[in-house]
Amino acid sequence: MTVIGMPGRGRRLAILAMTAGAAALGGCSPQIQDVGLANYVFGERRTDPPSPIQAMTGKETAYPNLATVPPRPTNLTTQAQRDAQMKALEDHRARNRLAADALEEKAQTLPPPLPPQTLPEPMAVPPPPRIREGG
C-alpha cells in the first residue's frame, strides 16, 4: 500500500532512522536524568548536595551558629544611672518648651502683615525707548 509522498518501505526506514537518532541524542546530556531503577542498576549513584541545615551543627565555623544564645550583656546601666538620664531628658525637654514659648510670644508681638488692599500699586511699565539712527 502506498500513501501519497512516500512508499511504505521508505516510511518505515525514515521512522527507524528518526528513532535511532532520538535514542542516540538521549545520551548527550551531561547530567543524569534518570533517577529510577535503571539509573541505580546501570549508572552512577546519585549523591544529594549537603543541606544548609547540617552546617548549623557546630562543624561550620565560618558563619555564626544561629541556634546558640549569646551570653548576657555585662555593661548594663543601674537604676540610678537610668533615673539620672531620664531626669536629664526631662530638663532638656523643659528648656526646649520654654524656648518655644518665648518664640511664640515674640511672634505674637510682631505687627500683623498688611492686608492685601493696602499694598501699594505696582509701578507702571515704562514706554519703550525711542531709538534714532545716528544719534
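For Gln79 and Arg82, the side-chain atoms include at least one donor-acceptor pair closer than 3.5 Å.
For the atom pair Leu98 CG and Leu103 CG, the distance stands at 11.0 Å (nearest 0.5 Å). How far CG of Asn96 is from CG of Asp91: 11.0 Å, rounded to the nearest 0.5 Å.
Remark: side-chain polar atoms of Gln81 are paired, donor with acceptor, to backbone N or O of Thr78 under 3.5 angstrom.
Partners of Glu121 according to the side-chain contact (heavy atoms from CB on, under 4.5 Å) rule, which considers only residues two or more places apart in sequence or in another chain, do not exist here.
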